[in-house]
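Note sheet for the following structure.
Indexing begins at 1, ligand by ligand and atom by atom, following the structure's order. For clarity, every value in this text was computed on a predicted model and none was experimentally measured.
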Amino acid sequence: MSNYKIHEDIAAALSSYQLPVKLPFGLAPGPIMYSVEYVDGKWGDGLLEANKPLSLQPSAKVLHYGQEIFEGMKAYRVNQQRATLFRPERNWARFNQSAQRMAMPKIPEELFMEGVNLVTAYSETIIPEKSGESLYLRPFMFASETNLGVSGGNQFTYMVISSPSEAMHPGTMKVLIERDFTRAALGGTGGAKTGGNYASSFASRQHAQSMGFDQSLWLDPRDQKNIEELSVMNFFAVINGELHTPRLTGSLLDGVTRDSILSLAELMGVQIHQRAINIDELIAQIQSGECSEVFCCGTGAIISPISTLGEYDGTRYQLVKSNGDLSLRLRESLLGIQESRLEDSFGWLRTIPDACYPS
Ligand SMILES: Cc1ncc(COP(=O)(O)O)c(C=O)c1O
């Protein structure tokens, strides 16, 4: 931990905060934020303070070259007094993998967790408590060095902000197969959680939404034949009762939820396959009924069944059941652990150390 400071404006920010009546995913900002600077090879001391605008020079490198990474994780307080986090060490490890790819400094686990733990502990009373709700946490880092030199910087800021939220995409989803654009390049940054991957997905998403879909489904960057993932979710299909998911190729994100689902499915005795999933073969299996469910998963969405896969020409492939049995069972197992209704047999939950709570 650093010699962090707690700004006195925290108390007023928290006491005047009203939890919104409706909690859309990620739209309502939490009242406090954590930040720490990295300058010339050294991390400084953290600061927890009320949410406020940042002051950045117009030449800050992040604004020009997009040198930025982030994570998405949740603090839960359903059925429990004290907040818990779900597998935060995996978010930390992935953050550092993203940092390495984007030529940014790695952050020690204690400092990454200092920000996450302080924001969670101080916000504990405003963490929503209904099933499916949580405090969404957004750790991120950006290049704050101020010059236009086209090179990785020497000055970075790590921050944690939050948003009390319900699950992203509650209900089933309609997904458009993206046949023109790809999300990631071979050898590119698809496996890193960096802003540019998301900015470059928005045009496809807008197109999908204009056709009545919720999201785009990305195919592989080389042949555009194999399924990769959605923009913020990994992809699964149930074929003849067995669970299939695209193998990690380096161009899709290694999701914490994906990994947890694979462990839960194995525990349930379901056969699992991580492999290349050809989109045209999958469509044929949907049409023949061999593929009974497709669903996507991520921290925000948990598990969302896909009811319809669609093509640009208007063809729609409907799944037999819009709410699949296995996806619902997996969702309940995962959420049951996250919300402390079911035994945490994998030891995935973490509480916040007492030292991080206000004294
Ligand atoms: C591109 C992408 N794929 C998959 C996921 C799912 O990852 P996780 O389960 O760790 O949230 C996310 C969300 O973080 C994502 O942004």
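- Atoms of ligand 1 lying under 4.0 Å from at least one heavy atom of Thr299, given by number and element, are 8 (P), 9 (O), 10 (O), 11 (O).
- For the pair Arg94 and ligand 1, a heavy-atom separation below 4.0 Å is found.
- Shown in contact with Gly298 at under 4.0 Å from a heavy atom are these atoms of ligand 1, numbered in order with element: 6 (C), 9 (O), 11 (O).
- With respect to atom 14 (O) of ligand 1, the closest heavy atom belonging to the protein is Lys193 NZ, 2.6 Å.
- In the model, Ser260 has a side-chain atom that pairs as donor or acceptor with a side-chain atom of Arg87 under 3.5 Å.
- Taking atom 16 (O) of ligand 1 as the reference point, the nearest protein heavy-atom neighbour is Tyr198 OH, 2.5 Å.
- Summarising the contacts of atom 6 (C) of ligand 1 with Ile261, Asn91, Ile302, Val232, the nearest heavy atom is found in Val232.
- Scanning all protein heavy atoms for the shortest distance to atom 9 (O) of ligand 1 gives Thr257 OG1, 2.5 Å.
- Counting only non-hydrogen atoms, the option in Arg258, Glu229, Arg87, Lys74 that gets closest to atom 4 (C) of ligand 1 is Glu229.
- The aromatic ring centroids of Tyr38 and Tyr158 lie 6.0 Å or more from each other.
- Between the side chains of Thr257 and Asn234, not a single donor N or O lies within less than 3.5 Å of an accepting N or O.
- In summary, the side chains of Ser144 and Thr157 do present a donor paired with an acceptor at a separation below 3.5 Å, with no hydrogens or angles considered.
- Rounded to the nearest 0.5 Å, atoms CG (Leu63) and CD (Glu68) are 11.0 Å apart.
- When Tyr198, Phe95, Phe142 are each tested for a ring pair (Phe, Tyr, Trp, His ring centres under 6.0 Å) with Phe70, only one passes: Tyr198.
- Using a 4.0 Å cutoff on heavy atoms, Ser231 counts as a contact of ligand 1.
- In this comparison of Ala192, Gly255, Ser201, the heavy atom closest to atom 7 (O) of ligand 1 sits on Gly255.
- Looking only at atom types and distance, the side chain of Thr182 has no donor-acceptor partner in the side chain of Gln224 under 3.5 Å away.
- Checked for salt-bridge contact, Asp220 and Arg247 miss the test: no charged N lies under 4.0 Å from a carboxylate O.
- A heavy-atom separation below 4.0 Å is found between Arg183 and ligand 1.
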